[in-house]
Structure formats: C-alpha cells, structure tokens
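Before any comments, here is the structure.
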Amino acid sequence: MRRYRSRNVAALAQIASSGALVILALAGSIEWVFVAMFAMSAFDAVTDTSMNYHGLRVQRLYRRSIFNSFHGWWCIGAVVGGFLGSAAAGAAMAVPTQTYVTVGVLLCCVVASWAMMLPGEDREQVAGTEVATGRAWLRPRTLAVLVGLGLLGALAGGIELGGSAWSPLYMTDQFAATPFVAGLGFVALMVFETLGRLTGDVLVDRLGLVRTVVWGAVVCLAGMALALAVPTPVTALIGFGASGWGIATMIPNAMNAADGLPGVPAGVGLTITTWVMRVGFVLFPIVIGALGDAVSLRLALLVIPLSAVLIMALSPLLRPRPAPQATATG
C-alpha cells in the first residue's frame, strides 16, 4: 500500500483472487483445488487489509462512523452470493459456466469500485497530526495492543465462522431438524449480523467503540447461554441470531482502533491486526469441531459465550490513546 496505494492494491489483489476461481473450476485433482483455495485466500487477505484501510480513509473525511456499514455490505454480499450459488446448483448449471459468469461479474465490480475510490496518495491524519508513511519500529507495548485488537477481532470472527459452520449440524444432531430448519441457524446469524452492521455506526457515534463492543458481547453471551441451557430449536435460533447481532461491530471497531493507534505508520497497525484475526478465523471452527468430537457439539459451542467474555476483557484496548511524544522513523 505504501508503494502502490491502497486503491490499486485492493483492486489488483481482488482481480487475482477472483481469477483463482478459474483454477478451482478446472481443477483435475485435489492438489489443484488446494492451489486455487490457497491463491484465493492469500490475495483475499491482501484485498481485505487494503480495502479496509481505504474505507477508514473515507471515514475520516466524513468525520463520523460509517465503517460498520461497509462491513454490512460484506454481509449482504455473502448472503446474495450464497443464494446465487445455490440457485445455480439447483438449476444444474455446469461449474465452469458458473465460474466464467461469476468472474466476469466480479471483474466488472472491481473496475467500477476502483473508479469510485479516492485518488491520490494515502495521506493519513491520526490524533490530529500527520503520520509518517515510512517504516518505523513499533514499541513493544504498541505491538501488544495491536495483537490484542487482532485477538478481539479473531474471537468475533471465530464466533461468526464457528456459528455459521456448526449451526446446521447442531440443529440436526440436537433436534433432528429438517434440512430447511437446520439451515435457519446460519440464516439467523447472518441476517442479524447484517442488521447489526447496518445500524452499528449509529451506536458507535452515540456510545463509542468500547461500550458498543461490550453491549454486543453481552447480547451474544446472553443469547447463547439461553440456547445452550434450554436447548430447543427456538432458543437455538435466538442464540445464533443474538451472536450475529452481538459480534456485528466488533471486527470493524477493532480495525478502526488499530488503524488510528497513535505513533503507528499508516496501514501498519491495520495489517498486523488483520494478520492476527486471520489466524483466529482458521483455528476457531477447528477448535469447536475437535471439542465436538471429544465431548459433544452442544458443550463445544460453549466456546462462543466464553469468547464473548474474553472480548469484554479485551474491550478497553479500543479506547483512544494519547499520541506518543516522539515516533522513531526510518
């Protein structure tokens, strides 16, 4: 981003990530599937960091919170993409045909997005002073804060991924639900997460980052505690819906705090925090699955309310911090 600007990095990495779909569609062996998934994920991570960095740049021009709405559109895209994929599969459309149509649409979206993004250098203003865009050594305490913010986001993303990945199996095993009812757990989580993100900016402007995240964690904790203590299909849907609404603003708020941390070169804080988040996204569903094998999926899902408690403990890291007296640059 420092060399090529966030606008260009976001667009080019997304083109590469979308193009990897062609490798996936034409894969003749599991090895090529791995290559395609690895390439998609790697370039998606670059896009994720650079587009969020650019979004925070736009937010600073507005001088109010708009960042949660950006992530709300991510949720809408996930729901629409899942629906279109299911419809194409139901229509028995050939996978290569789906791929070429999808890649073509995505490339048009990338070009249109690039044209509407802010031109020029990514000059940043943090805490009222311009931040150097060069390299800098981070103080250990600053690095610890960035890792802590990444952990907060990782726990929130883990709740989202863990809930969405395991809710259908939980509904099926616990209640012998039909496939339609089993899928409602995922739908409840994603719908309420979308609503939470589209309304999250109002909460952030009124309550601030810390209280917004704390109240979200409380809702998540209460909803999943009810679902696991009183297991019925209705309480399960309430629990997954509460989890979706509760964690809605956590990842955007963690990114916001990391990018605005005083004394950190532009883009560096966000990059470190999103690295940590990605690790959590990978590990969280695996942990739930391993615990489900060892005990039961119902007990394994206790990880979700426990994660909400940890998020509350990490929430003070979201508080604005005073700018350091001096910043070492190179």
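Note on V35: it does not cluster hydrophobically with V22, by side-chain heavy-atom contacts below 4.5 Å among ILVMFWY residues. L270 and F70 fall within a single hydrophobic cluster, where Ile, Leu, Val, Met, Phe, Trp and Tyr are joined by side-chain heavy atoms under 4.5 Å apart, directly or via other members. Residue V103 is not grouped with residue L12 when hydrophobic side chains (ILVMFWY) are merged at heavy-atom distances under 4.5 angstrom, including chains of intermediate members. With hydrophobic clusters built from ILVMFWY side chains whose heavy atoms lie under 4.5 angstrom apart, V295 shares a cluster with L297. In this structure, L310 is a member of the same hydrophobic cluster as M224, with clusters built from ILVMFWY side-chain heavy atoms closer than 4.5 Å.
Sparse packing is recorded around CZ of F43, with 12 or fewer heavy atoms of other residues, nucleotides or ligands lying under 6.0 Å away. Counting non-hydrogen atoms of other residues, nucleotides and ligands closer than 6.0 Å to CZ of F67 gives a total above 12. Within a 6.0 Å sphere centred on CZ of F175, other residues, nucleotides and ligands contribute more than 12 heavy atoms.
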In sequence, state the C-alpha distance, the side-chain angles, and the governing distance for W245 and E193, and then conclude on side chain to side chain contact (heavy atoms under 4.5 Å, CB included). CA-CA 4 Å; W245 190 90; E193 183 179 355; over 6 Å; no
Between M51 and S6, is the side chain to side chain contact (heavy atoms under 4.5 Å, CB included) condition met? List the steps. CA-CA 7 Å; M51 73 178 182; S6 60; over 6 Å; no
Yes or no on salt bridge (Lys or Arg N to Asp or Glu O under 4.0 Å) for D173 and R298, after CA distance, side-chain angles and deciding distance? CA-CA 9 Å; D173 285 356; R298 180 186 171 194; over 6 Å; no
After noting the C-alpha distance and the side-chain angles of V218 and M312, does the key distance pass the side chain to side chain contact (heavy atoms under 4.5 Å, CB included) rule? CA-CA 8 Å; V218 169; M312 284 189 275; 3.9 Å; yes
Could you walk me through whether N253 and N68 pass the side chain to side chain contact (heavy atoms under 4.5 Å, CB included) check? CA-CA 8 Å; N253 286 347; N68 288 284; 3.7 Å; yes
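The closest side-chain heavy-atom distance from L118 to L61 is below 4.5 Å. Between N256 and Q59, the closest side-chain pair of non-hydrogen atoms falls below 4.5 Å. Side-chain atoms of L21 and L106, non-hydrogen and from C-beta on, do get closer than 4.5 Å to each other. Within the 4.5 Å cutoff, the side chain of V213 has no heavy atoms near those of the L209 side chain. At a threshold of 4.5 Å between non-hydrogen side-chain atoms, the residues M1 and H54 do not count as touching. Looking at heavy atoms from C-beta onward, N52 lies out of side-chain contact with T274 at the 4.5 angstrom threshold. Residues R64 and D201 have side chains not in contact (no heavy-atom distance under 4.5 Å, counting atoms from C-beta outward). No side-chain heavy atom of M171 sits less than 4.5 Å from a side-chain heavy atom of L184.
For the atom pair M190 CE and S164 OG, the distance stands at 7.0 Å (nearest 0.5 Å). Atoms CG and CG, from L317 and L151 in turn, are 9.0 Å apart once rounded to the nearest 0.5 Å. Between the CZ atom of F281 and the CG atom of L155 there is a distance of 10.0 Å, given to the nearest 0.5 Å. Between the CZ atom of F240 and the CD1 atom of I159 there is a distance of 11.5 Å, given to the nearest 0.5 Å. Between atom CD1 of residue I76 and atom CG of residue L198 there is a gap of 5.0 Å, rounded to the nearest 0.5 Å. Going from atom CZ of R211 over to atom CG of L318 covers 13.5 Å, rounded to the nearest 0.5 Å.
Exactly one residue among L143, L149, V147 makes a side-chain contact (heavy atoms from CB on, under 4.5 Å) with V145. That residue is L149.
Of the N and O atoms on the side chains of T99 and T102, not one donor lies less than 3.5 Å from an acceptor on the other residue. When only modelled atom types and interatomic distance are considered, T271 and T49 share no side-chain donor-acceptor pair under 3.5 Å. Under the 3.5 Å distance criterion, with hydrogens and angles disregarded, no donor-acceptor pair is assigned to the side chains of S17 and D44. Side-chain contact, S18 with Q14: a donor N or O sits under 3.5 Å from an acceptor N or O.
Of the possible polar contacts, one joining the W166 side chain to the P285 backbone as a donor-acceptor pair under 3.5 Å is found. Here the side chain of R197 pairs no donor or acceptor atom with the backbone of W73 at under 3.5 angstrom. In this structure a side-chain-to-backbone donor-acceptor pair under 3.5 Å is missing from S296 to G292. In this structure, S41 contributes its side chain and F38 its backbone to no donor-acceptor pair below 3.5 Å. For S69 (side chain) and G72 (main-chain N/O), no donor-acceptor pair under 3.5 Å exists by modelled atom type.
Salt-bridge check for D259 with R60: passed, with a basic side-chain N closer than 4.0 Å to an acidic carboxylate O. Between R2 and D122 no salt bridge is recorded (no basic side-chain N to carboxylate O distance below 4.0 Å). A salt bridge is absent between D205 and R63: the closest approach of a Lys/Arg side-chain nitrogen to an acidic carboxylate oxygen does not fall below 4.0 angstrom.
For the pair G185 and L237, the tightest heavy-atom approach, listed with the atom from each and the gap, is N-CD2, 3.6 Å. Annotation for M250 and A156: closest pair CB-CB, 3.5 Å, computed over non-hydrogen atoms. Minimum heavy-atom separation, A25 to P96: CB-CA, 4.3 Å.
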